[in-house]
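As a basis for the values below, the full set of heavy atoms in this structure was taken, side chains included, without hydrogen atoms, waters or symmetry mates. No experiment lies behind these values; they were computed from the predicted model shown. Order of the sequence lines fixes the chain letters, A, B, ..., with proteins taken first and strands second; residue numbering starts at 1 for each chain.
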Number of protein chains: 2
Amino acid sequence: MSTKPSINAVAHQAGVSIATVSRVLTGSKPVSAETRLRVQAAVQALGYRANPFGRGLSTGRSGVLLMLVPDFANPYYAEIVRGAVSVARQRGYTVLPVDLEGSANNEASLQVLQSGLPDGVINLVPVHERAAWAKAAEGRPWVHCSEFQPDEMSIPHVSIDHRQAATDAVQYLLNRGHRRIALVNSDERFLYARQRREGYELALRRADIAVETGRIRTTGTNSYAAGSLAAAALLSLVTPPTAVFAVSDTLAIGVIKGLRRAGRRVPEDTAVVGFDDVPIAEVFEPALTTVGQPMQDLGAAAVVMLLGQMEGQIVGHRILPHRLVVRESA
Amino acid sequence: MSTKPSINAVAHQAGVSIATVSRVLTGSKPVSAETRLRVQAAVQALGYRANPFGRGLSTGRSGVLLMLVPDFANPYYAEIVRGAVSVARQRGYTVLPVDLEGSANNEASLQVLQSGLPDGVINLVPVHERAAWAKAAEGRPWVHCSEFQPDEMSIPHVSIDHRQAATDAVQYLLNRGHRRIALVNSDERFLYARQRREGYELALRRADIAVETGRIRTTGTNSYAAGSLAAAALLSLVTPPTAVFAVSDTLAIGVIKGLRRAGRRVPEDTAVVGFDDVPIAEVFEPALTTVGQPMQDLGAAAVVMLLGQMEGQIVGHRILPHRLVVRESA
DNA sequence: ATGAAAGCGCTAACAT
DNA sequence: ATGTTAGCGCTTTCAT
């Protein structure tokens with residue numbers, strides 16, 4: 001009663017061998033309807049659950065999917081995790097999200113990865129920090145999520161088209177009549193940052209507008225303060241921009257605060273477009289016009305692809321659609 | 001080379017028995033310096049990591065701590081998780097945070113719990129939803145975090161003193177000269193909500209101010225919209241309040257938006273105090289005056305208590321300090 | 001369709 | 001201090 005029942009107890013109670021119990025549990029081989037019922041009754045009666053260690057030792061699989069998350073506190077990642085969890089559980093898998101806390105936690109997470117416990121890994125770590133993980137994950141099934149680059153084509157990935165998304169955002173500002181459009185970028189070590197910059201420049205060139213380096217601010221970090229600083233710098237230009245495209249909602253909010261501190265109204269004096277559509281985006285005043293990513297879908301697709309890969313399929317790559325969410329700030 | 005090396009391979013390579021390898025790995029028994037070195041060299045050379053299933057099957061422990069999280073997307077919980085993860089890893093444990101997504105995910109999470117995989121569980125689920133979990137966790141080491149109630153004294157818990165915190169918030173408003181202070185509460189099924197209401201009433205009574213039920217709004221949910229609605233209701237009173245204590249920053253922001261929509265200035269016309277000190281609190285304009293909880297410490301303490309319990313200690317309960325963070329909104 | 005038995009990789013009790 | 005060995009609980013041949 002007190003100690004957890006093993007497969008032996010179930011077999012005994014049902015009057016069958018442990019092999020038969022295993023068969024009805026896993027459905028690996030046919031079992032006569034009658035015995036199946038008996039076994040199921042015994043399982044029920046004893047409250048039996050297969051011991052994950054025994055099963056794992058035998059099958060070599062744990063049903064655990066490791067998810068490398070750069071930052072739990074960032075709602076962008078939180079949503080991706082949520083999407084992943086929800087499809088994983090439908091397929092009988094548990095996702096183990098580990099918070100890398102901006103690399104502080106690498107060592108411990110590496111251990112988890114190398115322990116062999118996870119059956120596969122979903123990677124949210126940006127391209128430029130992947131090297132260490134790539135080595136540790138060697139041989140294991142894994143997929144990249146949210147960023148990708150051409151030279152990694154061998155590893156399945158799912159992402160939006162960051163370049164196109166940026167082009168769309170800037171095009172929107174162009175359509176609204178803006179000609180002096182600034183870019184507030186985060187850190188160009190991030191692939192997405194480089195791709196969004198490309199998209200920004202592409203949109204301008206298509207409109208026959210010269211790309212002025214003075215209108216491109218690279219903050220190095222993704223904080224409110226950095227956005228405010230960038231705004232101040234842009235306002236000190238001889239001809240300040242009439243619109244700003246910031247590569248994250250965080251930066252966008254910082255930019256707006258900076259603009260307002262300098263007496264500018266948003267969007268009347270300066271329009272601002274953000275990126276990500278995090279929850280604050282619609283609560284902040286003015287509500288942010290921003291580019292939304294299908295976060296949950298990204299996570300879900302990553303799991304589907306990972307499981308496919310584990311089953312030996314060739315899964316390839318996926319690009320998911322983004323969308324421009326027009327609110328008040330531009 | 002290609003397949004993962006087992007303890008046998010290490011033993012062979014080092015010219016010792018597998019028991020000796022196990023001993024140097026676990027440090028369970030003394031091993032001569034010389035052999036230890038040989039074994040360690042072999043481990044190194046082969047890149048060996050103990051198979052978690054084998055070890056788990058043998059020891060009955062996984063090194064995994066389950067953490068029941070009501071909502072990943074809520075930064076309040078995200079911070080608690082972070083605190084827990086950080087001390088868990090120092091102690092060689094992995095925390096497995098599962099997102100309950102407002103109960104949507106209960107079934108799957110219950111499975112994880114019942115699988116027997118986790119060595120212990122940290123519970124962030126509010127008191128009134130604990131029943132199902134309590135049954136499933138029976139016998140297993142577990143601790144409650146962030147809420148507690150007297151009749152659960154048998155289970156170790158860590159929390160702030162919600163009642164005292166509310167009293168402090170209201171006292172602050174009293175000190176600023178406010179007499180008509182409203183309470184915007186979330187859902188009194190939550191223990192913290194009831195306790196904060198108690199604290200609110202206590203502070204008023206101490207100041208010889210009658211508690212007027214018209215000034216207490218219970219929203220039922222914890223959304224911006226609910227806060228705005230509550231604000232509108234309060235403004236329709238014959239004598240509207242000059243200050244509002246909202247039991248979460250989310251509600252507080254909603255209240256502020258509602259007040260402004262009605263033409264009130266914050267804090268000049270109506271002061272607002274929130275609760276939690278989530279990241280948005282200091283970014284929103286006006287920046288929120290709010291009660292901060294030591295989220296990371298809560299998570300850390302929970303892990304320490306859980307591990308203590310697992311080692312057979314009597315761990316008791318802990319109340320951590322809160323603090324009033326004064327900014328602009330009150 | 002079912003049972004018997006051989007592992008899976010490890011730890012721990014028992015020898016030596 | 002070290003080796004031998006019996007499990008831990010399960011899945012999976014191999015028989016029947």
Side-chain angles (χ1 to χ4, degrees), chain A residues 2-43 46-64 92 94 111 114-119 310, chain B residues 2-43 46-64 92 111 114-119:
Chain A
S2 75
T3 182
K4 287 191 68 172
S6 78
I7 197 170
N8 278 298
V10 178
H12 187 255
Q13 165 110 1
V16 296
S17 75
I18 62 168
T20 300
V21 175
S22 174
R23 286 180 192 118
V24 338
L25 257 44
T26 62
S28 58
K29 295 256 166 169
V31 174
S32 82
E34 190 226 352
T35 32
R36 175 168 39 249
L37 253 38
R38 277 220 313 286
V39 170
Q40 284 164 342
V43 166
L46 297 168
Y48 170 77
R49 332 269 324 182
N51 177 315
F53 302 115
R55 175 167 286 174
L57 194 50
S58 197
T59 62
R61 281 173 292 102
S62 61
V64 167
T94 301
Q111 301 251 359
Q114 293 179 329
S115 74
L117 199 262
D119 295 338
M310 285 162 52
Chain B
S2 75
T3 182
K4 289 190 67 173
S6 78
I7 196 171
N8 279 296
V10 178
H12 187 254
Q13 165 107 3
V16 297
S17 75
I18 61 168
T20 300
V21 175
S22 175
R23 286 181 193 116
V24 338
L25 257 45
T26 62
S28 58
K29 295 257 167 169
V31 174
S32 82
E34 191 226 351
T35 33
R36 175 168 39 249
L37 252 39
R38 277 220 313 285
V39 170
Q40 284 164 341
V43 166
L46 296 167
Y48 170 77
R49 333 270 322 183
N51 177 315
F53 303 115
R55 175 168 288 175
L57 194 49
S58 194
T59 62
R61 282 173 293 102
S62 61
V64 168
Q111 301 251 359
Q114 294 178 328
S115 74
L117 198 262
D119 295 337

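Counting only heavy atoms from C-beta outward, the side chains of B/V39 and B/V31 never approach each other to under 4.5 Å. Inter-residue side-chain proximity for A/T94 and B/Q111 is flagged as unmet; no heavy-atom pair is nearer than 4.5 Å.
The minimum heavy-atom distance linking A/P118 with A/S62 is given by the pair CA-OG, 4.0 Å. What you find for A/I18 and A/I7 is that their closest heavy atoms are O-CD1, 3.6 Å.
The nearest whole Å value for the distance from the CD1 atom in A/I7 to the C1' atom in D/dT12 is 12 Å. The separation between B/R38 atom CZ and D/dA1 atom P is 15 Å, rounded to whole Å. Per the geometry, CG belonging to B/L117 stands 15 Å off C1' belonging to D/dC10, to the nearest Å.
Taking a 4.0 Å limit (strictly below) on heavy-atom distances, residues 22-32 of chain B reaches DNA chain C at B/S22, B/R23, B/T26. Contact check of residues 10-21 of chain A against DNA chain D (heavy atom, cut-off under 4.0 Å) returns A/I18, A/A19. For residues 49-62 of chain A, proximity to DNA chain C is found at A/L57, A/S58, defined as any non-hydrogen atom under 4.0 angstrom from a strand atom.
B/R23 contributes no side-chain N or O that, together with a main-chain N or O of B/K29, makes up a donor-acceptor pair within less than 3.5 Å. Remark: the backbone N or O of B/S115 is not paired with any side-chain donor or acceptor of A/R49 at under 3.5 angstrom.
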